[in-house]
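All values below were derived from every heavy atom in this structure, side-chain atoms included, with hydrogens, water molecules and symmetry-related copies excluded. Here is the naming used below: chain letters follow the sequence lines, and residue numbers restart at 1 for every chain.
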Amino acid sequence: MINKLVSSAKEAVSDIFDGATIMISGFGEAGSPIELIHALIDQGAKELTIVSNNTGSGEVGLAALIAHKRVNKMICSFPRTANSTVFPELYQKGEIELELVPQGTLAERIRAGGAGIPAFFTPTSVGTPLAQGKESREFDNTTYVMEKAIKADFAFVKAKSADRYGNLIYNKTARNFGPIMCTAAKTTIVQVQNFVELGDLDPECIVTPGIFVQRVMLVENPADESRLIAENRRYPW
Amino acid sequence: MINKLVSSAKEAVSDIFDGATIMISGFGEAGSPIELIHALIDQGAKELTIVSNNTGSGEVGLAALIAHKRVNKMICSFPRTANSTVFPELYQKGEIELELVPQGTLAERIRAGGAGIPAFFTPTSVGTPLAQGKESREFDNTTYVMEKAIKADFAFVKAKSADRYGNLIYNKTARNFGPIMCTAAKTTIVQVQNFVELGDLDPECIVTPGIFVQRVMLVENPADESRLIAENRRYPW
Amino acid sequence: MVEKTGVKGWSTDEMAQKVAFDIPDGAYVNLGIGIPELVAGLVPEGREVIYHTENGLLGMGNSPEKGKEDPELINAGKKAVTAIPGASYFHHADSFTMIRGKHIDVCVLGALQVAENGDLANWSTGEAGAIPAVGGAMDLVAGVKTIYVITRHTTKTGESKIVKQCSYPLTGKGVVNRIYTNLAIIDITKEGLFVKEMAPGVSFSYLQTQTEALLNQ
Amino acid sequence: MVEKTGVKGWSTDEMAQKVAFDIPDGAYVNLGIGIPELVAGLVPEGREVIYHTENGLLGMGNSPEKGKEDPELINAGKKAVTAIPGASYFHHADSFTMIRGKHIDVCVLGALQVAENGDLANWSTGEAGAIPAVGGAMDLVAGVKTIYVITRHTTKTGESKIVKQCSYPLTGKGVVNRIYTNLAIIDITKEGLFVKEMAPGVSFSYLQTQTEALLNQ
């Protein structure tokens with residue numbers, strides 16, 4: 001029988017290894033799987049490459065993972081956000097590597113990774129410093145740069161509801177990078193607020209079919225990141 | 001005010017010009033916008049390039065358009081289906097051109113056309129006759145072929161419901177090529193069974209956001225292709 | 001020649017049963033049109049297998065009851081199907097993301113020819129005037145993790161379908177992992193073809209006489 | 001220098017109103033973070049404009065009432081927003097399909113510098129040690145059909161933001177169609193910069209003194 005529900009956060013992240021590449025969903029706090037990230041901090045894997053749009057805020061979630069020096073390299077589009085101090089400090093000290101990728105190129109590279117497309121051409125970044133060193137090419141008299149797929153060992157994703165097959169639906173703009181990250185990782189681990197019976201999710205409305213999900217973890221009351229930051233909380237507490 | 005509903009099939013297809021490239025949704029009869037195709041037969045545009053997975057069956061819908069010698073070229077993955085005689089006959093006489101594309105490559109080329117990606121690499125067809133003449137390249141010791149985007153002047157799509165913004169939902173496996181074709185045409189024309197109020201479609205379940213749709217035509221009782229074929233019907237009747 | 005010697009080997013159902021036995025619990029499976037479709041009905045009890053059909057459905061169920069067919073719920077062979085609880089619908093680009101992106105575990109396909117290096121020809125005999133039609137076959141063999149071929153061992157005129165080199169246009173190069181015929185189950189490895197199992201009454205030497213490519217035991 | 005001469009030109013709201021006036025009925029629009037966001041509130045009555053935010057919402061509405069903010073319903077600036085009837089949610093790859101695929105009609109962005117050939121610099125001053133952050137700006141300028149820049153005409157220290165050549169790292173090459181400043185509205189064409197409208201009290205010769213690039217009337 002297929003049942004992708006795991007019983008604890010500890011179990012969900014137990015096999016993450018040093019040096020792994022992990023995609024983490026979220027745009028700011030919307031869709032950020034904080035509880036999974038905290039479980040990873042507890043688990044201890046280090047020298048990680050993290051693919052995520054931002055670098056976290058305050059000292060919880062992704063920012064806490066970075067603060068604990070578990071991350072060697074960030075691949076992201078916007079490492080500078082309100083209340084984001086952990087990454088900037090380490091970056092200025094030269095203690096963390098940054099691969100800056102335009103947001104749409106980041107999304108497309110992840111989607112390509114999940115879709116078996118090793119590389120594609122895009123008009124984004126042509127003529128800018130972010131195209132430097134990249135192959136460029138003309139199609140129909142317009143110049144494009146070649147960008148390569150990104151794949152990951154693991155993806156951490158936050159969704160709204162799942163069933164035992166791993167089918168997912170999301171909540172509003174917390175969807176963001178979740179669906180494409182699910183497709184691009186060898187092992188996709190999803191935290192959801194609701195675990196429902198098979199058939200409860202409308203097959204016309206499932207956003208991520210279960211084939212892209214390996215593990216589901218139930219977090220009925222996920223942390224409110226803004227509140228944690230307002231309260232100056234740090235993980236581990 | 002935005003209202004993409006047009007009042008007749010005639011109006012929906014009135015500006016289609018000779019030599020246009022038209023994408024037509026459907027996998028077999030599921031999702032095939034027969035009424036739009038029939039309106040196009042009445043309208044008279046010719047020398048068309050049609051992008052569609054199949055070539056139609058019997059002498060209705062796409063097969064009827066081909067039978068009326070309106071199509072110069074088919075871009076498709078499977079031009080041979082049950083009850084498909086019109087295309088094979090013209091093809092064997094050398095009266096219609098065929099660009100045969102693997103189904104997944106066809107889908108990805110259309111998706112690329114809609115997403116502003118001019119070209120991409122795929123493992124599909126490597127080492128086969130369909131890769132001949134195409135650029136190939138290695139990434140991580142695997143060979144891929146480069147495939148180019150397909151765009152169209154028009155797309156004809158069948159969906160289940162639309163609102164005045166052109167937001168769409170589909171029905172079961174009739175979804176198939178519809179959503180990607182909507183993105184890849186300058187003018188996307190959709191026939192739907194239901195026209196609903198703004199807000200009636202759940203924003204979490206909309207498959208095609210209205211930005212990809214220019215015209216909506218209401219066909220409350222679309223033809224059942226299989227029945228038409230069983231009855232030996234031919235369009236125009 | 002199969003007819004002449006009287007060795008029939010496994011029936012089509014038995015071949016499909018052999019394939020079905022090799023599909024693990026929890027697998028995501030795409031079944032080609034025709035004989036491969038028989039596999040779904042023969043998976044051993046206790047295993048939960050999820051079927052993908054490339055026209056946009058994961059969680060394909062059995063054929064509907066007569067009179068309950070829905071022309072908008074069909075499989076890749078354009079036959080009416082059903083959807084199981086837990087199924088999902090999606091568009092073609094997402095469907096081939098599942099295929100090309102190596103998310104599907106097993107694909108079972110028919111063949112015109114399989115070569116000893118795993119090359120598969122199953123979409124065209126290359127005859128002049130024939131209408132070429134490839135569908136999703138090239139995507140499936142390029143993208144699915146494990147490719148099983150189910151086919152009679154020889155053609156109707158007695159020629160081996162397991163060949164040194166395919167003479168028909170290829171579907172994919174070096175893509176087939178295992179062949180299930182009426183006479184044997186044969187693994188394709190980098191070291192060549194290895195016979196895994198033979199049908200009752202089939203000897204290795206007989207099997208080799210029916211096979212153009214070199215077999216290993 | 002603007003301060004010294006006493007010519008202030010349009011207020012920020014007036015600049016945003018000028019932009020808003022140029023957004024046609026039925027347009028799909030992406031507004032950058034900051035001053036561009038003002039545009040939404042100033043579109044003339046009777047026009048229906050649909051706002052896209054690249055983090056996955058088409059049909060973004062006004063700010064929510066205090067206390068009704070939803071941390072999972074935000075815009076690209078990470079501020080709480082609402083969704084209008086007819087809105088839809090989608091993932092990031094689909095969102096940038098709208099952008100890169102030239103489906104969005106108008107994007108309004110701020111600028112550090114705009115060059116006379118339409119080059120835009122708005123993401124980095126290139127200072128050593130600064131944390132580079134690009135977000136979706138490069139995708140927007142590469143993909144949206146019409147790019148409007150809204151910016152003060154000069155920097156706080158009086159330097160022209162409309163330059164012969166950008167000294168800051170580029171966001172995109174030849175991408176800007178029109179600039180709205182506190183002093184003027186300027187079109188960027190292949191033949192150079194053309195002043196479309198000047199703020200009250202601004203003369204062409206004065207405008208040119210405030211502008212590094214050559215202006216045409």
Can you give me the closest heavy-atom contact between [X] and [Y], atom names plus distance?
{"X": "C/Pro85", "Y": "A/Tyr165", "answer": "O-CE1, 3.8 Å"}
{"X": "C/Leu58", "Y": "A/Pro209", "answer": "CD2-CB, 3.9 Å"}
{"X": "C/His103", "Y": "A/Ile211", "answer": "O-CD1, 3.5 Å"}
{"X": "A/Met1", "Y": "C/Asp25", "answer": "N-OD2, 2.9 Å"}

[X] atom [atom1], over 12 foreign heavy atoms within 6.0 Å:
{"X": "A/Lys10", "atom1": "NZ", "value": "no"}
{"X": "A/Phe139", "atom1": "CZ", "value": "yes"}
{"X": "A/Lys46", "atom1": "NZ", "value": "no"}
{"X": "A/Glu99", "atom1": "CD", "value": "yes"}
{"X": "A/Glu197", "atom1": "CD", "value": "no"}

Looking at [options], which has the largest count of heavy-atom pairs under 4.5 Å with chain C?
{"options": "A/Asp200, A/Asp202, A/Thr183", "result": "A/Thr183"}
{"options": "A/Ile206, A/Leu198, A/Asn167, A/Ile2", "result": "A/Ile2"}
{"options": "A/Gly199, A/Gly116, A/Ala115", "result": "A/Ala115"}

- Item | Contact winner vs chain A - C/Ala83, C/Gly86, C/Gly143, heavy-atom pairs under 4.5 Å | C/Gly86

- Option that, when pairs with chain A are counted at under 4.5 Å, heavy atom only, ranks first among C/Ala93, C/Ala142, C/Ser88: C/Ser88

- Item | Full working for side-chain contact (heavy atoms from CB on, under 4.5 Å) between C/Thr97 and A/Phe212 | CA-CA 10 Å; C/Thr97 284; A/Phe212 297 123; 4.0 Å; yes

- Query: For C/Ile104, is it the side chain, the backbone, both or neither that has a heavy atom under 4.5 Å from a heavy atom of chain A?
  - Reply: both

- Query: Considering only heavy atoms, which portion of C/Ile84 lies under 4.5 Å from any heavy atom of chain A: side chain, backbone, both, or neither?
  - Reply: side chain

- Item | Inter-residue atom distance C/Lys102.NZ - A/Lys151.NZ, 0.5 Å rounding | 8.0 Å

- Under a 4.5 Å heavy-atom cut-off, does chain C meet the side chain of A/Lys4, its backbone, both or neither? side chain

